[in-house]
Amino acid sequence: MKDIFATLEFLKEYIQPKAKFEKVNLTKALGRILYEDIFVLKNLPSFDNSALDGYALNYADKNSLLTIKGNILAGDKHSYVLNKNECYKIMTGAKIPQNANTILMFEEALFENEKLNAINAKENNAIRLKGEEAKVGELLFKKGQKITPAMIAMFAAQGIYEINVVKKARIGIFSGGDELVEPWDNADENSIYNANAFGIYAILQDYADVEYLGLVKDDLSAYKKLLDNKEFDMLISSGGASMGEADFIKQALFECGFEPIFEKVNAKLCKHVKLFNKNGVLFLALPGNPLASLISTHIFARNILNLFYGLNLLPFLKVKLAKDLKFKGKRNDFAFGKLSQGNFTPNQNKFGSGMIKPLCENSYIFISKEDELEYKKDQEVKILQIGD
């Protein structure tokens, strides 16, 4: 039985990228993953231009009175030339005239006999040079980057309106167990509301096309019917991952031709996570307890999606511990906590696999190594983000 880290390394070798691409326009691109490298198509700026309203001049002429030749407005595509002891009034974003190499802002301008006294001019001031932000042919964004609002603005500045992005995997989610009741129904004191499926849905909805398939009662034929669905890249169940007498998932998986990839993990909360495969369709069985189910979603489902998309495993942040940590068993254990100024402060409250509150109160988890039971304050460790 492998621990979390060994299991994820195994999955890196086992799961081959199967990402396809689709074309989306900028209004649909936020949060999507780039399918290919993007290179600069247009110099930014595309011509030398003024960074402020003022006067364009040659710095060598600053001690002479300068004749004001005219106005250059933003959007004027004409080319202007400065001769000795001349200047142009220029607006922000307007094209710099030939032979000009600095801008004197309006507020610092002096005048004598209707000519400009540029004594206050500074050398090489307020000129945005062609290509200083981005030059044609340079790598702009790498394949695999998640598209942000700033990136969308840059695409638009490049005249790129449609982008090839990774096509989202299709994920089907269901919950198993006769004790479960949907949140829109009424649960009596002996029933449990189905929290897991909606938590899993929320975690994955930015990374995949997720569909909720409902509650599946503890019945072998119901499971087999669901497993026969060929529309999804991965099916995820919450509940039925243990070995109880009424857990029909494993029997249904074998009868439907699924083969195990792994069936246990040497880790608290994640012990009963299972992963099966049938012709490239994955089935991820998660524990029924909410905290165990949702943490396992962060660790396994999200990483599986990354591997689908040809990306690296989720990154861990290097931080320092704000307090000592001790663990009992020789397995992966967890500490929930918060991050502040590079320091991870573990939450000292006890938690159990059936809880949800630790996820509401903490944004990061520390996962211990199975052979390390003690960690000291100020020791450098790695943590995984699980919330905002």
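- Through direct or relayed side-chain contacts under 4.5 Å between Ile, Leu, Val, Met, Phe, Trp and Tyr, Phe327 connects to Leu317, Val319, Leu321, Leu325, Leu339, Phe344, Tyr364, Phe366, Tyr375, Val381, Ile383.
- Through direct or relayed side-chain contacts under 4.5 Å between Ile, Leu, Val, Met, Phe, Trp and Tyr, Met151 connects to Val24, Leu26, Leu30, Leu34, Ile38, Val40, Leu41, Leu44, Leu140, Phe141, Ile147, Ile152, Met154, Phe155, Ile160, Tyr161, Ile163, Val165.
- The cationic atom of Lys278 (NZ for Lys, CZ for Arg) does not lie both less than 6.0 Å from the six-membered ring centre of Phe283 and within 45° of the ring axis.
- Taken to the nearest 0.5 Å, the CG atom of Leu286 stands 11.5 Å off from the CD1 atom of Ile295.
- Salt-bridge annotation for Arg32 and Glu22: present, with a side-chain N of the basic residue lying under 4.0 Å from a carboxylate O of the acidic one.
- Leu65 forms part of no hydrophobic cluster, judged by ILVMFWY side-chain heavy-atom separations under 4.5 Å.
- By the 4.0 Å N-to-carboxylate-O rule, Lys146 lies too far from Asp206 to be salt-bridged with it.
- Taking CG of Leu204 as the start and CD1 of Ile304 as the end, the distance is 10.0 Å to the nearest 0.5 Å.
- Close placement of the Tyr35 and Phe21 rings is indicated, their centers lying within 6.0 Å of each other.
- Ion pairing of Glu374 with Lys376 is present here, as a side-chain N (NZ or NE/NH1/NH2) and a carboxylate O approach within less than 4.0 Å.
- Within the structure, side chain to side chain donor-acceptor pair (under 3.5 Å) pairs that include any residue of residues 88-97 comprise Asp53-Thr92, Ser79-Lys95 (at least two apart or interchain).
- A cation-pi arrangement is present between Lys268 and Phe351 under the rule of less than 6.0 angstrom and at most 45 degrees off the ring axis.
- Sorted by first and then second residue, the side chain to side chain donor-acceptor pair (under 3.5 Å) pairs involving residues 162-175 (not counting sequence neighbours) are Lys23-Asn164, Glu36-Asn164, Arg170-Glu211, Arg170-Glu231, Ser175-Asn194.
- In summary, the aromatic rings of Phe262 and Tyr14 are positioned with their centroids too far apart to meet the 6.0 Å limit.
- The distance from the SG atom of Cys256 to the CD atom of Gln251 is 10.0 Å, given to the nearest 0.5 Å.
- One finds a salt bridge joining Glu108 and Lys122 here, because a Lys/Arg side-chain nitrogen approaches an Asp/Glu carboxylate oxygen to under 4.0 Å.
- Residue pairs that meet the side chain to side chain donor-acceptor pair (under 3.5 Å) test with at least one member in residues 135-145, sequence neighbours left out, do not exist here.
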